[in-house]
Each structure stands twice: as C-alpha cells, then as structure tokens.
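To start, the structure itself, in structure tokens.
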Amino acid sequence: MVHPQNNSKSTPCPDHGETEMNIEAAHLICYSPTRTTFNTLKAIADGMKLPATRSLDLTLPEQASNEEIAILSDVAIIGVPVYAGRIAPVAATRLKSIKGHNTPAVIVVVYGNRHYDNALAELKQLAEESDFVVVAAAALIGEHSYSSPDKPVAAGRPDDEDKRAASAFGSKVLAKLKAATDLSSLPVLGLPGSLPEGPYIGPANVAPETDPELCTLCGQCAESCPTGAITISETQTTDASLCTFCCACLKTCPEGAIQIGFPKILEKVDLLYTNCQTRREPEIFL
Ligand SMILES: Cc1cc2nc3c(=O)[nH]c(=O)nc-3n(C[C@H](O)[C@H](O)[C@H](O)COP(=O)(O)O)c2cc1C
C-alpha cells in the first residue's frame, strides 16, 4: 500500500496573485499486450516534458498488483486497448486495483483503425470510480493486433505522425492543468459513446495455433502472455480458457511459429482488411 498525498495542491502564481496547479510528474498506467498503447502513452508523456515519468504497467500477471495503490504523482495517464468496442477485459479488471486520490487523469483508448465505440465512456467511468478526475481524453490508433504482413491493418501505428499528435496532446493537457486554479474549476468533460451494457463478448475458449516444426521452445511467447496461458515443456501449449486472443505471443515469436488459425477470427481478419484501410486520425477531448 502506498500512502496518498494531496494531489490538488497548488502554489501561488506570482503574476496573478492566484494559485496554479503544481504538476511535477506523470504516472503512466497501462495494459498493452502488443505495446501500441504503451508507446502511445510514452509519446503523450514526452509532450508533457515533466521532471519525472513513472510507469505502472499492468500487462503481465506478475505486474498486476491486487493492492490498492494511491497514486503519488500529479497526473495519471491511463491507457488501454479497445477490444470489441470496449476496454480490453483484463485491463478493466486490473485497473480496478489502482486507486487515485482526487488525481487528475488523462484517459486514452488505443484501437486498431476500426472504431473505439463505447470504450472511452467505459474508461471514464472506471477512472472516476477509482477517484481519478478525468481532465482530458483521447482515442488514438495502434496497429491492429490481428494485422499481419499479408493482411496489414494500421500496420506500424502509432507512426511518427501519431506520436507527434500524442505529444502535442500531452503538451495541451499540461497547459490546461497549469492554467486551472484547482480541479473542481474545470468543466465536466463530455465524451462520445455510452456505457456498454452486459458482459464483454470477445473470443472465448480459443487460442492462436503454434507450428511445432517451427517452434524452438524459446519461451518468449510465454513471457509475453498477459494471462499466463502458455506453458513450455516438451511442447508449447496454450490454455484456451485463459487466452484473450490479444496476439502478444504471435507478435513476439521470433520464428513466426504462431498463427491465428481459428476460422472465425480469420473471417474477422478478412473483414478488417477489406473494410478498415482508410486511415483514421487521433481524436482528442480537452
Ligand atoms: C480481441 C480483440 C478485439 C479488438 N477489437 C477492436 C475493436 O473493436 N476496434 C478496433 O479498432 N480495434 C480492435 N482491436 C485492435 C486493438 O484495439 C489494437 O490493435 C490496439 O492497438 C492493441 O493495443 P496493444 O498494442 O496495446 O495491445 C482488437 C484487438 C483484439 C485482440
């Protein structure tokens, strides 16, 4: 348990005799199996140019603390990937273990060039339930987890242009916070989408397929798996009941031994490849 500090502290502003918010550090909180969300958050933090940036990465099982942590930093940047138009379900569960303390937060959803649907609205609610004050939001684009050299979807994103946009967003968020006298003076942020109803419906009880001829049992897939679904012994096996089809294993494998395989997901890949080629651009809400 980390003890909280008062994040709404303010210091006298010499020019105006008022107070300005004292922002010293950014705290990156993310879940990011194929790392596009992490890289996007880093670009936002770069744009803030704060003296300190701390990282709280919830991607791997051993990093997912069940403790309640009151964030000590001055601004949290919370980022998750979009799965089926919502927050990736493992991210939603793990984020609940992180508590703010009236901490200003930027919320970010990263999606694979189809759409983010209700994910921003869902993330806002989750952040507010954990005592974060959402001061800005963004929906940004990352290479689709199902993208491959044969059927690329948003391949290589976030690219330089995306990172420049993310950094510019970070710089604007900081300016907004510094201009505010306190968090309660900021208007409520309106965001698109509505709160999703019912449980998340995504791939269940299926897992990518591994070609035993190509697999060298190096174990990199197991190390990258956010749910610890992969075991390496005489063969590599994946527990489909734990697999979320995040594709971290597939993108990490140095031998290209892991493929999507499952017909229903291959159909989705075709649809994405056919329908989601028009470049979508970052959306920011300040
Ligand atoms: C199961 C699953 C569902 C997804 N659903 C969507 C979606 O609804 N819309 C979209 O644009 N991208 C979707 N994506 C793509 C991811 O949002 C995108 O690739 C994101 O950049 C992955 O983030 P990461 O690199 O941090 O893991 C989905 C990916 C997976 C694995």
Side-chain angles (χ1 to χ4, degrees), residues 28-44 55-60 63-64 77-92 94-95 107-123 138-148 151-159 162-163 166 192-193 196 199-208 221 224-227 229 238 240 242-252 258-262 264-283:
L28 268 54
I29 302 168
C30 79
Y31 173 81
S32 185
T34 62
R35 307 317 281 163
T36 62
T37 305
F38 177 75
N39 290 332
T40 301
L41 294 200
K42 258 183 91 243
I44 294 172
S55 183
L56 183 46
D57 190 334
L58 304 172
T59 309
L60 295 179
Q63 292 163 333
I77 310 174
I78 306 174
V80 295
V82 175
Y83 284 9
R86 305 180 57 151
I87 301 178
V90 175
R94 291 184 184 168
L95 274 178
I107 56 168
V108 180
V109 294
V110 177
Y111 69 101
N113 208 52
R114 186 193 65 76
H115 206 278
Y116 57 95
D117 300 321
N118 295 317
L120 262 187
E122 191 181 8
L123 185 55
L140 305 172
I141 298 90
E143 174 169 316
H144 201 290
S145 320
Y146 297 167
S147 175
S148 65
K151 294 190 175 156
V153 181
R157 298 186 76 181
D159 55 19
D162 291 313
K163 287 182 188 161
Y200 163 82
I201 299 174
N205 278 313
V206 286
C221 53
S224 72
C225 179
T227 57
T238 306
L242 294 176
C243 178
T244 61
F245 236 103
C246 71
C247 297
C249 56
L250 203 148
K251 298 219 172 182
T252 310
I258 309 179
Q259 300 295 329
I260 286 182
F262 189 65
K264 277 207 169 142
I265 298 198
L266 288 173
E267 278 169 28
K268 284 210 167 125
V269 172
D270 281 340
L271 280 174
L272 287 165
Y273 179 62
T274 310
N275 300 325
C276 302
Q277 292 301 331
T278 306
R279 183 183 173 96
R280 295 184 67 91
E281 296 298 342
E283 287 175 60

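Atoms within each ligand, like the ligands themselves, are counted from 1 in listed order.
Below 3.5 Å of separation, one finds an N or O of His144 facing an N or O of ligand 1. Looking at Pro203 next to ligand 1, no N or O pair under 3.5 Å apart turns up. At under 3.5 Å, not a single nitrogen or oxygen of Cys246, backbone or side chain, sits near a nitrogen or oxygen of ligand 1. The shortest N or O to N or O distance between Tyr146 and ligand 1 is not under 3.5 Å. Taking only nitrogen or oxygen atoms, main chain and side chain alike, Phe245 does not reach within less than 3.5 Å of ligand 1. Checked by distance only, ligand 1 and Tyr200 stay at 3.5 Å or farther apart across all their nitrogen or oxygen atoms. On a distance-only criterion, Arg114 and ligand 1 share at least one N/O pair closer than 3.5 Å.
With sequence neighbours excluded, no residue satisfies side-chain hydrogen bond (donor to acceptor under 3.5 Å, both in side chains) with Ser145.
Protein heavy atom in closest approach to atom 23 (O) of ligand 1: Thr36 OG1, 3.1 Å. For atom 5 (N) of ligand 1, the closest heavy atom belonging to the protein is Ala84 N, 2.8 Å. His115 O, 2.9 Å is the protein heavy atom nearest to atom 9 (N) of ligand 1. Here the protein heavy atom with the shortest distance to atom 3 (C) of ligand 1 is Tyr83 CA, 3.4 Å. Among protein heavy atoms, the minimum distance from atom 6 (C) of ligand 1 is reached at Val82 O, 3.3 Å. Here the protein heavy atom with the shortest distance to atom 25 (O) of ligand 1 is Thr34 OG1, 2.4 Å.
Atoms of ligand 1 found under 4.0 Å from any heavy atom of Gly142, numbered from 1 in the order shown, are 21 (O). Listed by number with element, the atoms of ligand 1 under 4.0 angstrom from any heavy atom of Arg35 are 24 (P), 25 (O), 26 (O). The distance from ligand 1 to the heavy atoms of Pro33 drops below 4.0 Å at these ligand atoms: 27 (O). Against a heavy-atom cut-off of under 4.0 Å, Glu143 is close to the following atoms of ligand 1: 18 (C), 19 (O), 21 (O). Of all the atoms in ligand 1, the ones that sit under 4.0 Å from a non-hydrogen atom of Val110 are 17 (O), 20 (C), 21 (O). Per-residue contacts place Asn113 under 4.0 angstrom from the following atoms of ligand 1 (heavy atoms of the residue considered): 11 (O).
Separating the CZ atom in Arg280 from the OH atom in Tyr116 is a distance of 7.5 Å, to the nearest 0.5 Å.
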Practice problem: Decide yes or no on side chain to side chain donor-acceptor pair (under 3.5 Å) for Thr59 and Asp57, but give the supporting numbers first. | Solution: CA-CA 6 Å; Thr59 309; Asp57 190 334; 2.5 Å; yes
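In this structure, the side chain of Asn275 does not engage the main chain of Leu272 through any donor-acceptor pair within 3.5 Å. Judged purely by atom type and a 3.5 angstrom limit, Thr227 uses its side chain to pair as donor or acceptor with the backbone of Leu242. Side chain of Asn118 to backbone of Ala121: no donor-acceptor contact under 3.5 angstrom is found. Remark: the backbone N or O of Ser32 is not paired with any side-chain donor or acceptor of Thr37 at under 3.5 angstrom. Checked by atom type and distance alone, the side chain of Asn113 pairs as donor or acceptor with a backbone atom of Cys276 at under 3.5 Å. With hydrogens and angles disregarded, no donor-acceptor distance shorter than 3.5 Å links the side chain of Ser147 to the backbone of Glu143.
Nearest-residue assignment for atom 29 (C) of ligand 1 (options Gly112, Ser145, Pro81; heavy-atom criterion): Ser145.
Of all heavy-atom pairs spanning Tyr200 and Pro203, the tightest one is OH-CD, 3.7 Å.
By the criterion of a heavy-atom distance under 4.0 Å, neither the backbone nor the side chain of Asp117 is placed next to ligand 1.
Using a non-hydrogen distance threshold of 4.0 Å, Gly85 registers as a contact of ligand 1.
Residue pairs satisfying the salt bridge (charged side-chain N to carboxylate O under 4.0 Å, His left out) criterion with at least one member in residues 107-118, sequence neighbours excluded, are listed as follows: Arg114-Asp117.
One finds a salt bridge joining Glu122 and Arg86 here, because a Lys/Arg side-chain nitrogen approaches an Asp/Glu carboxylate oxygen to under 4.0 Å.
Shown here is Lys251, whose NZ atom has more than 12 heavy atoms of other residues, nucleotides or ligands within 6.0 Å.
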